[in-house]
There are 2 protein chains.
Amino acid sequence: MNHLTYRLRDFADLSQSDCDVLDRLSETNRTVFERGSSVVSEGEPVENWHVFYDGWAYHSKQLENGDRQIVGLVIPGDICGLNPAIVQRADHTVTALTRCEVSVIDRKTMKRTLETSSSIDRAMQVATFEIEAIQREWTTNVGHRNAVEGMAHLICEMHFRLRQAKVIDGDRFALPLTQQLIGDCLAISVVHANRTLSELRRLGLIAVSGGAIIILDLDGLYEAGHFDPSYLNIS
Amino acid sequence: MNHLTYRLRDFADLSQSDCDVLDRLSETNRTVFERGSSVVSEGEPVENWHVFYDGWAYHSKQLENGDRQIVGLVIPGDICGLNPAIVQRADHTVTALTRCEVSVIDRKTMKRTLETSSSIDRAMQVATFEIEAIQREWTTNVGHRNAVEGMAHLICEMHFRLRQAKVIDGDRFALPLTQQLIGDCLAISVVHANRTLSELRRLGLIAVSGGAIIILDLDGLYEAGHFDPSYLNIS
DNA sequence: CGGTGTGTTGAGTGATGTCAAGGAATGTGG
DNA sequence: CCACATTCCTTGACATCACTCAACACACCG
């Protein structure tokens, strides 16, 4: 069983044959997207499903003044929420943060698969709803929390999701985001992102080393970010 | 055909029998929620589908410090996005802004209906994705736009959705939100919401009269809010 | 007719943005 | 292995948007 299938098992009870189907599905049409390249572009037709076998990406919306709001992060094993059966034109862009291996599954194949297995269908729906719940939390994070709280919350979320997805198992993880991009997640300027990160270090909550975040005080970080992971366990 | 069914026809091709089914569905179990009452409460199990035949509501998340972020507005004919087939516990609260007539449809009945008609199934999925797209736009609105832009955007969105849903047909509509609640949508304080509203009036974009918004200059308002409705037409 | 929720306005404060400059890290071609 | 470019990080000074506190006006309602 590959790790994508493994991941989707968290979302629904999958039979052995479901798992085989998913394994095959994720291994065909494996496409590589280099760091910085667009997987889906705002305004363009959505033709295929994109399932991230490996690599990170971000969902962003472009603003008039050149700013960019990041509306979601994709980690290995995530599906990209844009459902080509429903969405005609993408309302946002998906960009690879690292080199990504993506299973590009065309609409029809996926349709047939979902019709054949209600468990897989359910797993995809649950995954979609998790994205939705995360989105609501982000609105809250960006809106009502200050920079320190928001950044602590973001780090907690990524740590939790990475552990849940079994991508990591300790309190250290690579975060392939520049401070500019972190700022775009939280809707703060680069300069302020930098100061806020320093503040979290000063508080002894995290350390940073070569693009990796080391969580020094998880409880403290949860508290600082008012992080409550229940939104990540909706089903 | 009742107006709820009429609304869902925007989302999928519904046959006459689909419409009949929906009519019957929305007319059974019609429950009234008085202004201020909770339709769904954060943390509690989600047992039923809620389809708003009439009335406004808001989705909100409670914060530690007593603040509240409104993460979405429900207008007549909307479904409440919480899908009881997927979501076990609500990650947010849904509260009636006006007296609401809600069709409360239990999970099993809906399941049977969705299995019977793929068009209805599709309509519900499209409605769900529209909510998701709106949510992304709100994250952007709250994050990267200042108070004037954000408020202009919010008014544009509601005006557009109300027209799309055929709830109104002119440039005037009742907005059953106090300035406190408007502030909670945009993540600004009441005081600032008040000043921002005055600013929009001063700019000659809108007028306010007894809880109703009158749009004086729609193009100007679109521009002020950088409003582009394409996210509301995803399918 | 007083109470309660809502809207309005002023004054002072704080968080975050902008601009600017330089330093560290990383990659590339010679 | 070095020279250089580029990207990213860091820090300081100053500006601004939005917040808080506070007071009062207004309207609806029992």
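Chain identifiers are assigned alphabetically (A, B, ...) following the order of the sequence lines, protein sequences preceding nucleic acid strands; residue numbering begins at 1 within each chain.
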Go through the steps for B:R145 and B:E137 under the test salt bridge (charged side-chain N to carboxylate O under 4.0 Å, His left out), then give the verdict.
CA-CA 11 Å; B:R145 293 200 242 267; B:E137 189 69 26; 2.7 Å; yes
Please set out all donor-acceptor pairs under 3.5 angstrom arising from side-chain atoms of residues 40-56 of chain A, sequence neighbours excluded.
unit_1 : atom_1 : unit_2 : atom_2 : d
A:E42  : OE1    : A:Q62  : N      : 3.3
A:E47  : OE1    : A:R107 : NH2    : 3.4
A:H50  : ND1    : A:N48  : O      : 3.4

Close residues, residues 56-65 of chain B, relative to DNA chain D [heavy-atom separation under 4.0 Å]:
none
Gap between atom CG of A:N233 and atom CD of A:Q164 - 0.5 Å precision:
5.5 Å
When rounded to the nearest 0.5 Å, the distance separating CG of B:N194 from OG1 of B:T178 is 11.5 Å
Are OP1 or OP2 of C:dT8 and a side-chain N or O of B:Q179 less than 4.0 angstrom apart?
yes
For the helix from C:dC1-D:dG30 to C:dG30-D:dC1, what is the angle between the axes at its two ends, each from 5 pairs, rounded to 10°?
40°
Minimal non-hydrogen separation, [X] against [Y], with atom names:
X: B:S60; Y: B:R68; result: CB-CG, 3.8 Å
X: B:L97; Y: B:P176; result: CD2-O, 3.5 Å
X: A:R30; Y: A:S103; result: NE-OG, 3.3 Å

The first and last nucleotides of DNA chain D lying within contact of chain A, meaning any atom under 4.0 Å from one of its heavy atoms, run from D:dC8 to D:dA13
Tell me whether A:E157 is salt-bridged to A:R161, with the criterion being a basic N under 4.0 Å from an acidic carboxylate O.
yes
Are B:R163 and B:D169 close enough for a salt bridge, meaning some N to O gap below 4.0 Å?
no
Is the side chain of A:Q69 donor-acceptor paired with the backbone N or O of A:L63 at a distance under 3.5 Å, no angle test?
no
Would the distance check show the side chain of B:H159 and the main-chain N or O of B:G170 forming a donor-acceptor pair, the cut-off being under 3.5 Å?
yes
When you check every protein heavy atom under 4.0 Å of nucleotides 9-27 of chain C, what one-letter string (B, S, -) results, 5' to 3'?
BBB----SSBB--------
Considering every strand and a 4.0 Å limit on heavy-atom distances, what is the contact class for B:R202: base, sugar-phosphate, or nothing?
nothing
Exercise answer: donor-acceptor pairs, residues 206-217 of chain B side-chain atoms, under 3.5 Å, sequence neighbours excluded:
unit_1 : atom_1 : unit_2 : atom_2 : d
B:D217 : OD1    : B:D219 : N      : 3.4
B:D217 : OD1    : B:G220 : N      : 2.8

Below 30° counts as parallel, above 60° as perpendicular, anything between as tilted: where do the rings of B:Y231 and B:H153 land?
parallel
